[in-house]
Engineer: 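Structure provided below as structure tokens; questions to follow.
To find a chain, count down the sequence lines: A is the first, B the second, and so on, and within it residues start at 1.
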Protein chains: 2
Amino acid sequence: MADKAQPDSTPQRPAPSRRRGAALEQAILRAAMEELTETGYAGLTMERVARRAGTNKNAIYRRWPTRAALGVAAYRQFVVTNTQIPDTGDLRGDALEMLRRANRTWSSPTGGILRALLAGARDDPQLLAQLQERTADAGSAAWLTILARAVSRGEIGPEALHPRVATVAVVLLRDEFITRGYPEVPDSVLTDIIDEVYLPLLRGRGTDSPSS
Amino acid sequence: MADKAQPDSTPQRPAPSRRRGAALEQAILRAAMEELTETGYAGLTMERVARRAGTNKNAIYRRWPTRAALGVAAYRQFVVTNTQIPDTGDLRGDALEMLRRANRTWSSPTGGILRALLAGARDDPQLLAQLQERTADAGSAAWLTILARAVSRGEIGPEALHPRVATVAVVLLRDEFITRGYPEVPDSVLTDIIDEVYLPLLRGRGTDSPSS
DNA sequence: CAGGTACGAGACGTACCGTACCTTAATGGC
DNA sequence: GCCATTAAGGTACGGTACGTCTCGTACCTG
């Protein structure tokens, strides 16, 4: 038998002593996030994470039942959501800026991970919900904020302050990513969404109802 | 050494003679589709498909490089798209009927397969495009048709005949499936989409633009 | 009838899954 | 301070699937 030399490709963090509970949990999540950033969701395997965290699969399975759950947990822990809200002075500028940020997010490496997690958690509504919390583009709060400003400026009527209405633009953008697989959505699509759909929707709502 | 008895669970179609080219290709696609309907995309394995088709992995890999490509090819071959267009007499009825059909499709077994394929082809725009052709809800043709009827009835202005505008409703619906993982979207969501977003958008567009 | 080509068959090494089993260390109650 | 409890570590297992490779062989072509 040769030595136990294992010229492993994956980094193996030696266990300092014997970690327990929260300490070990954090080490696992950290290793999982590193795997995600380096090799993506495809590379997130229980065995690799265990090796990298300097532990074994047992410790992981005791905490998370599936790869998807582990991935979502790691993502939630380490990806901070940018909650800044643009304030350009007018609705179109704010909305466009929001879309551009979302576009950048989705096309970034982090966004790639998010997309993969979204696909991986496809049939687990609970996990999906956990992801949504950290996605924040679907979070209607930011959109409602810029709409509220627009209302106070008199750009649109207050009827527009409806969650489903507020997030229409970003939902359309996300659809481009999911159904078309864009690496990055061209800016013309963003302006198209704003000018052809979003603004007409906001301005048209409640302005009147043309007879019918 | 025990005998080579292999009480296999997966059906194994015996090869009649030695098929080649198109005949073999059809046999593989058929086996793939059967696997899809029985065990879903998760059960679509090169090995299982090969066994089922009475051939071997070689023949598959010569034709399709990945599982996703095989799945999409099989889906395209066997799932016929329902291209009927509702005609209820008014725009709201037509749109609602379109959404209800889409909802049924997405929540059916076939829809589950489609969703899985969509996730599986996540980072292959070419495959995604091939899927889109067969999806038809994204196909704006049907939506544009019902809109054209509404225009001729005077319900909405002709400015609404815009592909991105026309498909807004079904895109919002699809988003519910993908980000929320609904088994089936409740009807109230459909009416909400229609009444809060889609109709206001169509009626509001071009009615005017309130200064600014 | 010779030859190229594509298929059938199956083995191969790798990777990962999920589980099981035992050993060993940390922890908290007493 | 001691010991039972608990949670780690370590490791092996059977199983499945991947993707590749090597043959032998049937088919089609010229």
Side-chain angles (χ1 to χ4, degrees), chain A residues 1-32 35-36 38-71 116 120 124, chain B residues 1-10 12-32 35-36 38-71 116 120:
Chain A
M1 297 292 174
D3 339 20
K4 285 183 127 187
Q6 32 194 8
D8 234 312
S9 56
T10 38
Q12 176 165 4
R13 228 192 296 289
S17 66
R18 177 172 286 196
R19 300 152 298 181
R20 296 199 145 213
L24 180 57
E25 181 163 326
Q26 288 305 309
I28 293 172
L29 285 178
R30 183 177 175 175
E35 286 294 332
L36 277 178
E38 285 177 21
T39 49
Y41 183 60
L44 187 79
T45 64
M46 298 304 213
E47 292 190 339
R48 288 172 68 91
V49 171
R51 234 179 304 156
R52 178 160 214 155
T55 178
N56 55 15
K57 291 190 288 181
N58 271 335
I60 302 181
Y61 277 111
R62 275 189 210 108
R63 292 172 168 80
W64 299 277
T66 63
R67 188 168 79 111
L70 173 60
D124 187 332
Chain B
M1 302 279 186
D3 338 20
K4 284 183 131 189
Q6 33 194 10
D8 234 310
S9 54
T10 37
Q12 176 164 3
R13 228 191 296 288
S17 68
R18 176 174 285 195
R19 300 153 299 180
R20 298 200 145 213
L24 181 56
E25 181 162 327
Q26 288 305 309
I28 293 172
L29 284 177
R30 184 177 175 175
E35 285 293 333
L36 277 178
E38 285 177 21
T39 49
Y41 183 61
L44 187 78
T45 300
M46 298 303 212
E47 291 189 341
R48 288 173 68 91
V49 172
R51 231 178 307 157
R52 178 158 213 155
T55 178
N56 54 9
K57 291 191 287 182
N58 256 336
I60 303 181
Y61 278 110
R62 276 192 209 103
R63 292 170 169 80
W64 300 276
T66 63
R67 190 168 78 110
L70 172 61

Engineer: Say you draw a straight line from CG of N56(B) to CZ of R51(B); how long is it, rounded to the nearest 0.5 Å?
Structural biologist: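 Interatomic distance, N56(B) CG to R51(B) CZ, rounded to 0.5 Å: 12.5 Å.
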
Engineer: Select one nucleotide: of dA11(C), dG9(D), dA8(D), the one nearest the side-chain heavy atoms of K57(B).
Structural biologist: dA11(C)

Engineer: May I ask you to decide if R48(B)'s main-chain N or O and T45(B)'s side chain share a donor-acceptor pair within less than 3.5 Å?
Structural biologist: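 Checked: no pair found.
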
Engineer: In this structure, how many angstroms lie between the P atom of dC16(C) and the OH atom of Y41(A), rounded?
Structural biologist: 14 Å

Engineer: Looking only at side-chain atoms of Y61(B), point me to the closest of dA17(D), dC16(C), dT20(D).
Structural biologist: dT20(D)

Engineer: Could you tell me the separation between the CZ atom of R48(A) and the C1' atom of dC17(C), rounded to a whole number of Å?
Structural biologist: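 Rounding to the nearest Å, CZ of R48(A) and C1' of dC17(C) are 15 Å apart.
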
Engineer: Just the rounded figure in Å: distance from P of dC13(D) to CE of M46(A).
Structural biologist: 22 Å

Engineer: Any idea which of dG19(D), dG10(D), dC17(C) is nearest the N56(A) side chain?
Structural biologist: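 Minimum distance to the N56(A) side chain belongs to dG10(D).
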
Engineer: Rounded to whole angstrom units, what separation is found between the CD1 atom of I60(A) and the C1' atom of dA7(D)?
Structural biologist: 15 Å

Engineer: Is it true that R52(B) and E38(B) have a side-chain N and a carboxylate O under 4.0 angstrom from each other?
Structural biologist: yes

Engineer: Taking side-chain contact (heavy atoms from CB on, under 4.5 Å) as the criterion, tell me which of I28(B), L29(B), T55(B), L36(B) meets it with V49(B).
Structural biologist: I28(B)

Engineer: For R52(A) and dC16(C), what is the distance between atoms CZ and C1' respectively, to the nearest whole Å?
Structural biologist: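 Rounded to the whole Å, the gap is 17 Å.
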
Engineer: With the criterion being N/O to N/O and under 3.5 Å, what pairs connect the protein with nucleotides 20-24 of chain C, and how long is each?
Structural biologist:
unit_1, atom_1, unit_2, atom_2, d
dA20(C), N6, N58(A), OD1, 3.2
dA20(C), N6, N58(A), ND2, 2.9
dC21(C), N4, N58(A), ND2, 3.4
dT24(C), O2, R18(A), NH1, 2.6

Engineer: Nearest-Å distance, CD (E47(A)) to P (dT16(D))?
Structural biologist: 17 Å

Engineer: Can you check the R67(B) CZ to dA17(D) P distance for me, whole Å?
Structural biologist: 10 Å

Engineer: For T55(B) and dC7(C), is the shortest distance between a side-chain N/O and OP1 or OP2 below 4.0 Å?
Structural biologist: no

Engineer: Between L70(A) (CG) and dC17(C) (P), how many Å, whole number?
Structural biologist: 10 Å

Engineer: Does the side chain of L44(A) come within less than 4.5 Å of R67(A)'s, by heavy atoms?
Structural biologist: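 SC-SC contact between R67(A) and L44(A) confirmed.
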
Engineer: Once rounded to the nearest 0.5 Å, what's the spacing between atom CG of L70(B) and atom CZ of R63(B)?
Structural biologist: 11.0 Å

Engineer: Quick one: on DNA chain C, does R63(B) or P65(A) contact a more 5' nucleotide (nearest heavy atom)?
Structural biologist: R63(B)

Engineer: What distance do K57(A) atom NZ and R62(A) atom CZ have between them, rounded to the nearest 0.5 Å?
Structural biologist: 13.0 Å

Engineer: Counting only side-chain heavy atoms from C-beta out, which of dG18(C), dG19(D), dG8(C) sits nearest to L24(B)?
Structural biologist: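 So the side chain of L24(B) is nearest to dG8(C).
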
